[in-house]
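Reminder, nothing fancy here: chain letters follow the sequence lines and each chain counts from 1.
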Amino acid sequence: MIRVRFAPSPTGFVHVGSLRTALYNFLFARHHGGVHILRVEDTDRTRYVDGAVENLLRTMEWVGITFDEGPTQGGEYGPYTQSERTELYRTHADTLVANVKAYRCFCTAERLDEVRKQMQAQGQPPMYDRHCRNLTTDEVKGKMDAGIPHVIRLRVPLGETITFNDLVRGDVSFESKTIDDQVLLKSDGFPTYHLANVVDDFHMKISHVIRGEEWLSSTPKHVLLYRAFGWEDSMPKFAHLPLLLNPDRSKLSKRQGDVAVEDFREKGYLPDALINFVALLGWNPSATEEIYSMNELISQFEIEKVNKAGAVFGKEKLDWMNSEYIRKKSPDELLEMVKPLVIARGYDVTDEYLKSVIVLMQERTRSILDFVDFSDYFFDAPKSFEEKSKLKNWTPEAKERLSELLPIFVAMTEWNHDSIEATIRSYAESKAISAGKLIHPLRLAVSGVGMGPGLFEMLALIGKNEVCERIQSALVNLV
RNA sequence: GGCCCCUUCGACUAGUGGUUAGGUCACCACCCUUUCACGGUGGUUGCACGGGUUCGAAUCCCGUAGGGGUCACCA
């Protein structure tokens with residue numbers, strides 16, 4: 001039975017790297033008809049952020065990643081929040097101590113700092129010097145009776161080579177002498193990631209651990225833990241995902257731009273586009289097709305085809321994908337997303353009108369935000385005019401023609417795409433000029449910019465009175 | 001610095017011994033066109049380097065270089 005888990009710590013927003021990890025776990029589970037589990041790793045009380053779990057749930061729902069077991073839906077192997085399982089970790093840590101696989105360490109933070117500094121000064125990698133590793137039973141008892149705070153550390157065997165198979169990287173080996181006697185249980189009684197992770201993965205019967213590459217170098221510690229517990233036979237398979245990178249190829253970080261899924265949502269990205277884009281960062285089913293629905297991703301996903309090298313999170317392609325998805329949406333679906341933005345800007349329009357705007361703008365939009373940012377002239381007269389277009393189109397001749405055209409517009413009884421086009425073209429013909437000589441200045445006068453949807457449908461939608469007022473106003477105010 | 005991982009166009013990638021090294025984004029040109037966008041056509045740009053192995057290497061091996069990750073009582 002395939003059982004995988006997404007195990008975030010609730011420390012705030014959801015990083016797009018986490019999103020991809022969650023997605024791959026989800027795709028892998030769904031592809032194989034397995035179980036997708038959400039486990040909240042909140043063992044660091046100092047980093048806990050209020051509301052982070054709720055935010056996480058909301059974000060997963062928004063992108064369409066679902067869970068079969070987790071804090072909200074429960075399940076056979078709960079609880080799924082680590083802070084509710086501390087007793088389990090404690091007894092497991094005690095068992096390791098009893099079996100001489102771990103030991104109690106009474107070193108102070110100051111001493112540890114000191115040791116690390118010394119080792120670094122000697123050009124050694126900073127590791128714990130195993131000072132408490134060989135305390136006698138009596139010494140330990142004495143310190144415990146004296147109430148000296150302590151941690152429990154893993155007794156890493158010396159002189160072994162630890163090899164494990166990674167589904168994306170093949171066999172990976174580490175010398176045990178390079179592995180620190182890792183803290184398993186902190187002095188506050190909470191487990192560290194390593195202990196909690198291994199204990200939970202075992203008890204939750206996790207079959208595959210799919211996580212970011214930053215965990216690769218701590219995997220031997222986990223392997224050692226499985227061995228110490230005698231769980232080697234049920235050790236999960238590991239798959240370490242390539243990192244998502246900044247443009248400078250460092251690990252994707254907040255400092256260099258948006259990394260929170262929430263940021264992308266706010267900037268007008270569609271969840272389908274984000275998912276599609278992120279899915280193809282580090283994995284590719286064919287290389288000829290670029291657009292995949294969630295169901296297609298599920299049916300095509302193969303963990304073995306995940307790449308080894310990190311992938312730069314390049315926004316241009318995401319923008320392109322977003323525009324592709326916007327074009328595929330129905331006006332009604334878009335209306336739902338655009339309407340709140342329009343209301344937030346203080347514009348008051350009917351759904352019918354807004355939907356017409358959406359239809360006209362849909363093909364020229366890269367973000368949902370563009371429906372208000374680049375379409376404001378549908379809701380209000382332009383407050384400024386684009387300089388470049390003005391220079392090119394707002395000539396004395398153009399103004400003269402518009403002033404002649406204005407009364408013709410006013411006199412029109414029918415106001416629609418065809419009648420407007422006919423009027424403009426016949427006027428242009430009567431003056432023996434190209435229609436473009438009219439169209440461009442008109443666009444500028446009415447919209448304030450030099451680009452946009454077809455002029456005739458635009459004028460038809462904005463309405464005769466408003467159009468005439470804007471022409472009038474431009475003739476007076478635009479120099 | 002130790003350890004580990006990685007290396008095909010600017011970016012995402014296909015490619016598993018024989019290809020004119022393919023696709024997508026971006027970029028450029030042209031076409032379409034009332035602008036923009038869409039669409040269409042074409043184009044510039046790449047196997048990090050050096051040695052092997054082989055009739056033949058982007059593909060296999062070994063080095064070098066470069067990049068990244070990790071070395072907490074954080075995950």
In terms of side-chain heavy atoms of A:A309, which of B:C12, B:G69, B:U7 is nearest?
-> B:U7
Choosing from B:U34, B:A72, B:A26, which nucleotide comes nearest the side chain of A:W320?
-> B:A26
Is A:R211 touching bases, backbone alone, or none of the nucleic acid, heavy atoms closer than 4.0 Å?
-> nothing
Name the residue closer to the 5' end of RNA chain B, choosing between A:T108 and A:H417 according to the nucleotide with the nearest heavy atom.
-> A:H417
Earlier contact from the 5' end, RNA chain B, for A:K317 and A:R443 = A:K317
When all nucleic acid strands are considered with a 4.0 Å heavy-atom cut-off, which category describes A:T46: base, sugar-phosphate, or nothing?
-> nothing
Would you call the rings of A:F313 and A:F264 parallel, tilted or perpendicular if under 30° counts as parallel and over 60° as perpendicular?
-> tilted
Counter-base of B:G1, judged by Watson-Crick or G-U geometry with both distances under 3.5 Å | B:C71
Looking at A:Y24 versus A:F301, is the centre-to-centre ring distance below 6.0 Å?
-> yes
Residue pair A:W394, A:F385: steps toward the ring pair (Phe, Tyr, Trp, His ring centres under 6.0 Å) verdict | CA-CA 10 Å; A:W394 203 247; A:F385 295 86; 7.4 Å; no
Near-strand residues of residues 355-368 of chain A, defined as heavy-atom separation under 4.0 angstrom from RNA chain B = A:E363, A:R364, A:R366
Are any of A:K186's side-chain N or O atoms less than 4.0 Å away from OP1 or OP2 of B:A75?
-> yes
Using the ring pair (Phe, Tyr, Trp, His ring centres under 6.0 Å) rule, take A:H203 and A:Y89 through it: C-alpha gap first, then chi angles, then the decisive distance, then the call.
-> CA-CA 11 Å; A:H203 286 291; A:Y89 310 126; 9.1 Å; no
With the side chain of A:D44 defined as its heavy atoms from C-beta on, choose the nearest nucleotide among B:A75, B:C6, B:G2.
-> B:A75
Per A:P125 side chain, nearest of listed nucleotides B:C25, B:G1, B:A75 | B:G1
Choosing from B:C5, B:U70, B:C74, which nucleotide comes nearest the side chain of A:K251?
-> B:U70
Kindly point out which of B:A14, B:A75, B:C12 is positioned nearest to the side chain of A:N307?
-> B:A14
Under 4.0 angstrom between A:R425 side-chain N/O and B:U34 OP1 or OP2 = yes
Looking at B:U35, B:A72, B:C4, which one has an atom nearest to any side-chain atom of A:P126?
-> B:A72
Hey, do the aromatic rings of A:W215 and A:F238 have their centres closer than 6.0 Å?
-> no
Looking at every strand, decide which applies to A:Y193 at a 4.0 Å heavy-atom threshold: base, sugar-phosphate, or nothing.
-> base
Using the six-membered ring wherever Trp is involved, compare the ring planes of A:Y292 and A:W283 and label them parallel, tilted or perpendicular (cut-offs 30° and 60°).
-> tilted
Would you indicate what A:P191 reaches in the nucleic acid, counting non-hydrogen atoms under 4.0 angstrom: base, sugar-phosphate, or nothing?
-> sugar-phosphate
Of B:C73, B:C4, B:G69, the nucleotide closest to the side chain of A:V172 is B:C4
Given B:C3, B:G69, B:C73, which nucleotide is nearest the side-chain atoms of A:R116?
-> B:C73
Choose from B:U34, B:G67, B:C73 the nucleotide whose nearest atom is closest to any side-chain atom of A:V151.
-> B:C73
Test item: A:K317 and A:E290 side chains (from C-beta on) under 4.5 Å apart, heavy atoms = yes
In numerical order, the residues of residues 448-464 of chain A whose heavy atoms come under 4.0 Å of RNA chain B are A:G450, A:M451, A:G452, A:P453, A:G454, A:L455, A:F456
Side-chain H-bond candidate by donor/acceptor type, A:N246 with A:S253, under 3.5 Å | yes
